[in-house]
Amino acid sequence: MEFTVTILGSNSAVPAHERNQTSQIITMGNELMMVDCGEATQIQLQRYKVRSSKIKYIFISHLHGDHYLGLMGVISTFHLNKRKEPLTIFGPRGLDEIITTQLKYGNTKLNYPLKFIRTDSDQQQQLVDAKRFKVFSFPLKHRLPCTGFLFVEKLGQKNLVKEKLLENKLSIQAINTLKNGKDFLDEEGNVKYAVSEFTHPSPSPRKYAFCSDTKYDLELIPYIQGVDLLYHESTFMESEHERAADTYHCTAKQAASIALEAEVKKLLLGHYSTRYIELEPLLMEAESVFTNSHLSIEGLTYTV
């Protein structure tokens, strides 16, 4: 299954230096999802030729404008393009009121069903349970209620060991039970065919974690432990660590420290302050702590 992250926006509060505000597209198989929706995101969708009509879910981390001010433009463009498919938006309390108010005073009745599901910034929450993936939210520490998002691949049926099939005459029921990852029991409840013996080991499900605005917080590590790809905000360099703490943001070095402690495989930096025209110094700081660190660059797609 294709599992990728496309960066639409990588800057923090203000678009600058040809960098837009936060937004990403997550592709899992045939499903497209958007994470955060900074101002002018719909322009970025066009620029990078994203099949925006395929977007089924939008996840908004919190209500600072650089993470959601592009949302009404996207909703309105979907309407003008005669969208019919339902759209589900996940976000904090108040976002539904913002959307409803703008639709009300714009006298707009959408062509498509729009569903809003409130996220909980105090605990982990399962948001989506689709055929091939799950999506969870988890709490972050910022100046407003804020959540990160975790995208987890669902593995398909297990592969049977052919040699075992030749040695044993398995019923269709036994085969299906083993493929679904369960031992097949006899009439007395004892294991007749063990899944560990009759199937090949499955690979670990791939995981992508998106950590939006947050202060340096070791408590988020259990939510992102061992993920294949971690996006973690890195607004400042270490020389501005006091500023980072005061504004509930992180430095690139702190983001790398989180990646190291959580034993993730790859780190993407992002949410850059406008004070940085060149981004290589942030990358160098991160690499000094966590070698497999990378800059999130708009228009690029990263494989999970």
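- Remark: the backbone N or O of Gly91 is paired with a side-chain donor or acceptor of Thr119 at under 3.5 angstrom.
- Taken together through direct or relayed side-chain contacts under 4.5 Å among Ile, Leu, Val, Met, Phe, Trp and Tyr, Leu267 and Phe3 form part of one hydrophobic cluster.
- The side-chain heavy atoms of His64 and Arg143, taken from C-beta on, include a pair separated by under 4.5 Å.
- The backbone N or O of Gly94 lies less than 3.5 Å from no partner atom in the side chain of Glu97, so there is not a single donor-acceptor pair.
- Salt bridge status for Glu31 with Lys54: absent, with no side-chain N to carboxylate O gap under 4.0 Å.
- Criterion: ILVMFWY side-chain heavy atoms under 4.5 Å apart, direct or through other members. Under it, Phe90 and Leu114 are not part of a common hydrophobic cluster.
- If you check the side chains of Gln24 and Tyr208, you find a donor sitting under 3.5 Å from an acceptor.
- Here Glu197 pairs with Lys164 in a salt bridge; the nearest charged N to carboxylate O distance falls below 4.0 Å.
- Residues Phe133 and Met33 meet the side-chain proximity criterion, which asks for heavy atoms closer than 4.5 Å.
- Here the CG-NZ distance, from Asn176 to Lys182, works out to 11.5 Å after rounding to the nearest 0.5 Å.
- Between Pro139 and Gln124, the shortest heavy-atom distance links the atoms CD-N, 4.0 Å.
- Between the NE2 atom in His232 and the OG atom in Ser296 there is a gap of 13.0 Å [rounded to 0.5 Å].
- Under the 4.0 Å criterion applied to side-chain N and carboxylate O atoms, Arg206 and Asp228 are not assigned as salt-bridge partners.
- Summarising the geometry of Asp66 relative to Ser12, their closest heavy-atom pair is OD2-C, 3.5 Å, with the distance given to 0.1 Å.
- The CG atom of Leu87 lies 9.0 Å from the CG atom of Leu110; values are rounded to the nearest 0.5 Å.
- Side-chain atoms of Glu2 and Thr27 form no donor-acceptor pair, as typed in the model, at a separation below 3.5 Å.
- Among Asn292, Val5, Val264, the single residue meeting the side-chain contact (heavy atoms from CB on, under 4.5 Å) criterion with Leu229 is Val5.
- A 4.5 Å side-chain heavy-atom check between Ile7 and Ile297 finds every atom pair outside the cut-off.
- Of the N and O atoms on the side chains of Thr235 and Glu233, at least one donor lies less than 3.5 Å from an acceptor on the other residue.
- For the residue pair Ser61/Asp36, the side-chain donor-acceptor check at 3.5 Å is satisfied.
- Side-chain N or O atoms of Asn11 include none that pairs as donor or acceptor with a backbone N or O of Asn20 at under 3.5 Å.
- Around the CG atom of Leu185, the shell of radius 6.0 Å holds more than 12 heavy atoms that belong to other residues, nucleotides or ligands.
- Residues Leu140 and Asp213 are not in side-chain contact: their nearest non-hydrogen atoms beyond the backbone lie 4.5 Å or more apart.
- Residues Asp96 and Phe116 approach most closely at CB-CD2, 3.3 Å, considering heavy atoms.
- Closest heavy-atom contact between Ser212 and Thr147: CB-O, 4.2 Å.
- Here the CG atom belonging to Asp217 is positioned 4.0 Å from the NZ atom belonging to Lys141, to the nearest 0.5 angstrom.
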(request) Step by step, work out the salt bridge (charged side-chain N to carboxylate O under 4.0 Å, His left out) result for Lys154 and Asp129. (result) CA-CA 9 Å; Lys154 276 187 181 179; Asp129 186 3; 2.4 Å; yes
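- Scanning both residues, Tyr248 and His142, for their nearest heavy atoms gives O-ND1, 3.0 Å.
- Side chains of Glu280 and Leu295 form a contact here, defined as non-hydrogen atoms less than 4.5 Å apart.
- With hydrogens and angles disregarded, a donor-acceptor distance shorter than 3.5 Å links the side chain of Thr41 to the backbone of Gly38.
- For Glu167, the CD atom is densely surrounded, since the number of other residues' heavy atoms within 6.0 Å is greater than 12.
- Leu80 and Met34 are assigned to two separate hydrophobic clusters, defined by single-linkage of ILVMFWY side chains at heavy-atom distances under 4.5 Å.
- Between Phe59 and Tyr57, the angle of the ring planes lies from 30° to 60°, which puts this pair in the tilted group.
- For the atom pair Asn30 CG and Lys131 NZ, the distance stands at 10.5 Å (nearest 0.5 Å).
- Between Leu279 and Arg19, the closest side-chain pair of non-hydrogen atoms falls below 4.5 Å.
- In the displayed structure, Ile277 atom CD1 is contacted under 6.0 Å by at most 12 heavy atoms of other residues, nucleotides or ligands.
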(message) Using side chain to side chain contact (heavy atoms under 4.5 Å, CB included), reason through Leu71 and Ile60 one step at a time and then give a plain yes or no.
(response) CA-CA 9 Å; Leu71 183 58; Ile60 302 297; 4.3 Å; yes
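- A salt bridge links Arg275 with Glu240: the distance from a Lys NZ or Arg NE/NH1/NH2 to an Asp or Glu carboxylate oxygen falls below 4.0 Å.
- Atom CZ of Arg118 and atom CD1 of Ile89 lie 14.5 Å apart (nearest 0.5 Å).
- Across all non-hydrogen atoms, the minimal contact from Leu127 to Ser137 is CD1-CB, 3.9 Å.
- For the pair Arg83 (side chain) and Pro86 (backbone), a donor-acceptor distance under 3.5 Å is present.
- Side-chain contact check for Gln225 versus Glu263: some heavy-atom pair is nearer than 4.5 Å.
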(message) With side chain to side chain contact (heavy atoms under 4.5 Å, CB included) as the criterion, how do Phe78 and Ile75 come out once you've worked through the C-alpha distance, each side chain's angles and the decisive distance to 0.1 Å?
(response) CA-CA 5 Å; Phe78 285 171; Ile75 291 173; 5.8 Å; no
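- Residues Ser293 and Glu287 bring no donor and acceptor atom of their side chains to less than 3.5 Å of each other.
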(message) For Leu63 and Leu95: C-alpha separation, side-chain torsions, deciding distance, then whether side chain to side chain contact (heavy atoms under 4.5 Å, CB included) applies.
(response) CA-CA 7 Å; Leu63 291 184; Leu95 181 58; 3.9 Å; yes
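- When the side chains of ILVMFWY residues are joined at heavy-atom separations under 4.5 Å, either directly or via intervening members, Leu268 and Ile258 end up in a single hydrophobic cluster.
- A donor-acceptor pair under 3.5 Å is formed between the side chain of Gln125 and the backbone N or O of Asp120.
- No more than 12 heavy-atom neighbours from other residues, nucleotides or ligands sit within 6.0 angstrom of NZ on Lys179.
- Using a distance-only test at 3.5 Å, with no hydrogens or angles considered, a donor-acceptor pair links the side chain of Ser288 to the main chain of Glu285.
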(request) Apply side chain to side chain donor-acceptor pair (under 3.5 Å) to Ser202 and Lys158, showing your working. (result) CA-CA 7 Å; Ser202 298; Lys158 297 178 74 67; 2.9 Å; yes
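- Between Lys207 and Glu153 the shortest side-chain heavy-atom distance does not fall below 4.5 Å.
- Between His67 and His271, the distance from one ring center to the other falls under 6.0 angstrom.
- Using a 3.5 Å distance cut-off with no hydrogens or angles, the side chains of Ser257 and Tyr216 do pair a donor with an acceptor.
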(message) Run His294 and Leu269 through side chain to side chain contact (heavy atoms under 4.5 Å, CB included) and show every step you take.
(response) CA-CA 6 Å; His294 302 265; Leu269 306 174; over 6 Å; no
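- In the hydrophobic clustering of this structure, Ile25 does not group with Val35; members are Ile, Leu, Val, Met, Phe, Trp, Tyr whose side-chain heavy atoms approach within less than 4.5 Å, directly or through other members.
- Asn111 and His79 form a side-chain donor-acceptor contact under 3.5 Å, judged by distance and modelled atom types alone.
- Side-chain atoms of Gln21 come within 3.5 Å of backbone N or O of Glu39 as a donor-acceptor pair.
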